[in-house]
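One structure is given below, encoded as structure tokens.
The sequence lines fix the lettering, A, B, ..., with proteins before strands; numbering per chain opens at 1. These figures come from a predicted structure and were not determined experimentally.
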There are 2 protein chains.
Amino acid sequence: MTCPEELDPVRLLTPRAREVLAAARVVLERDGWDTLTMRSLADELGIAAPSLYKHFASKDALRTQLIALALKEFGEGVRPVSGVAALVRAYRDVAAAHPQLYRLATSGSLDRDALPPGLEDWSGSPFLEATGDPHRAQALWAAAHGMVILELDGRFPTGSAPEATWDELVTHFG
Amino acid sequence: MTCPEELDPVRLLTPRAREVLAAARVVLERDGWDTLTMRSLADELGIAAPSLYKHFASKDALRTQLIALALKEFGEGVRPVSGVAALVRAYRDVAAAHPQLYRLATSGSLDRDALPPGLEDWSGSPFLEATGDPHRAQALWAAAHGMVILELDGRFPTGSAPEATWDELVTHFG
DNA sequence: CACCGTAGGCTAACAACGTTAGCCGCGCAA
DNA sequence: TTGCGCGGCTAACGTTGTTAGCCTACGGTG
């Protein structure tokens, strides 16, 4: 399932800006957000750091575009899906495939005004479809996110969450 | 319920270091972690920034001590408690009372070697007591954390999670 | 053809950040 | 008295995000 075109965040970017964004993705996933420096990103592109500001107003604006990209891709990666178990499984997998992007997209503040209107809702709608109820959807999403982010941050004693813990979650919401 | 003395992270600190830590708490809750600067913290104490390094080896070491403090206090704030509903309620309240400290303590990497051994387990044990099963405990904790952190970061459309969403969570795990 | 705006680079520089080096004064114990 | 350690200080470094100002190539328009 692919994202409706009017929600595609890349749509409004100039071609060169898309290349910058793509490079930022690579560096992000390789180094993490805090280690992604305007200079290191510029190096990746073979240009000087200040040149980046021809394409993005600030590092934070770049972050917002990366988040928008993530919402699109995660939304696509989790759709189509039927049933809570499959949704949770897909959510988990898509996060594990791009851990740094996931963390960036789901942690800290979010500049909603800079996002294509409707993208955030579209990205989360599979949870609504799987549960049939808005509050159940929110609760399931929060639970799945909690599992993923704690696992990403190595907060479980075993390092990653045991399969049985995931099963527990699915059981309660299934 | 109070934390066993041998788990108290403040125990090993010099008196002056405790004052620095207390000031850091104030500044953290007021400004947030990224805006807490070695210089701003020093200002709060009326000293110069480099002097802080007489008490903590780095900003990250300071962060670790704040996290240890948080584990202790959150563990205390949530105990004694009986039943899933009451635990979730207490968890939510204690996080809402110190949002910045909560975010700091539960996000990003954790230097376990610098924590009093057993503190992390002790802090999480109420979930084990309330559920009676390790995996259920982990799942419930992850779900509660997901709710709290998404709410703190303003990720719910309504700003904060509706009461009904919390009820949903409690219902499924109750 | 001459013109000019725009896209996209560049260097130099700034302020703020975490951090280090090196120095100094006080108080207490041998 | 001497020494030492605790807890301050200033000066400075490298790195960060960011700004200012300049230059070049190119694509359309008079």
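- When the nucleotides dA11(D), dG18(C), dG7(D) are ranked by their closest atom to the side chain of Tyr53(B), dG18(C) comes out on top.
- Between Met147(B) and Phe156(B), the closest side-chain pair of non-hydrogen atoms falls below 4.5 Å.
- At most 12 non-hydrogen atoms from other residues, nucleotides or ligands lie less than 6.0 angstrom from CD of Glu5(A).
- Because its NZ or CZ atom is both nearer than 6.0 Å to the ring centre of Trp33(B) and within 45° of the ring axis, Lys59(B) counts as a cation-pi partner of that residue.
- Here the side chain of Pro50(B) is nearest to one of dG8(C), dG8(D), dT20(C), namely dT20(C).
- When each of Ile67(A), Asp8(A), Leu71(A) is paired with Leu119(A), the side chain to side chain contact (heavy atoms under 4.5 Å, CB included) condition holds for Leu71(A) and for no other.
- To the nearest angstrom, C1' of dA16(C) lies 14 Å from CG of Leu36(B).
- Where Ala49(B) and Arg39(A) meet DNA chain C, the nucleotide closest to each residue was compared, and Arg39(A) sits on the side nearer the 5' end.
- Using a 4.0 Å heavy-atom criterion, one finds that Arg16(B) contacts the sugar-phosphate atoms exclusively.
- Residue Thr37(B) is in sugar-phosphate contact alone, with no base atom involved, counting any heavy-atom pair closer than 4.0 Å across all strands shown.
- Note on His55(B): every side-chain N or O is 4.0 Å or more away from OP1 and OP2 of dC6(D).
- Two residues, Ala57(A) and Thr35(A), neighbour DNA chain D, and the one matched to the more 5' nucleotide by heavy-atom proximity is Thr35(A).
- Here dT15(D) presents its P atom at 12 Å from CG of Asp43(A), a figure rounded to the nearest Å.
- The separation between Met38(B) atom CE and dA15(C) atom P is 23 Å, rounded to whole Å.
- Taking atom CG on Leu13(B) and atom C1' on dC6(D), their separation rounds to 15 Å, with Å as the unit.
- Where Asp34(A) and Ser51(B) each meet DNA chain D at their nearest nucleotide, the meeting point lying more 5' is that of Ser51(B).
- Distance, Ile47(B) CD1 to dT10(D) C1': 14 Å, rounded to whole Å.
- Scanning atom types as modelled, no donor and acceptor separated by under 3.5 angstrom connect the side chain of Lys59(A) and the base of dG17(D).
- Side chain of Arg16(A) to backbone of His55(A): no donor-acceptor contact under 3.5 angstrom is found.
- Atom-to-atom, CG of Leu52(B) to C1' of dC9(D) comes out at 13 Å; the value is rounded to the nearest Å.
- One atom, CG of Leu62(B), and another, C1' of dT19(C), lie 14 Å apart when rounded to the nearest Å.
- The CG-P distance, from Asp60(B) to dC17(C), rounds to 18 Å in whole Å.
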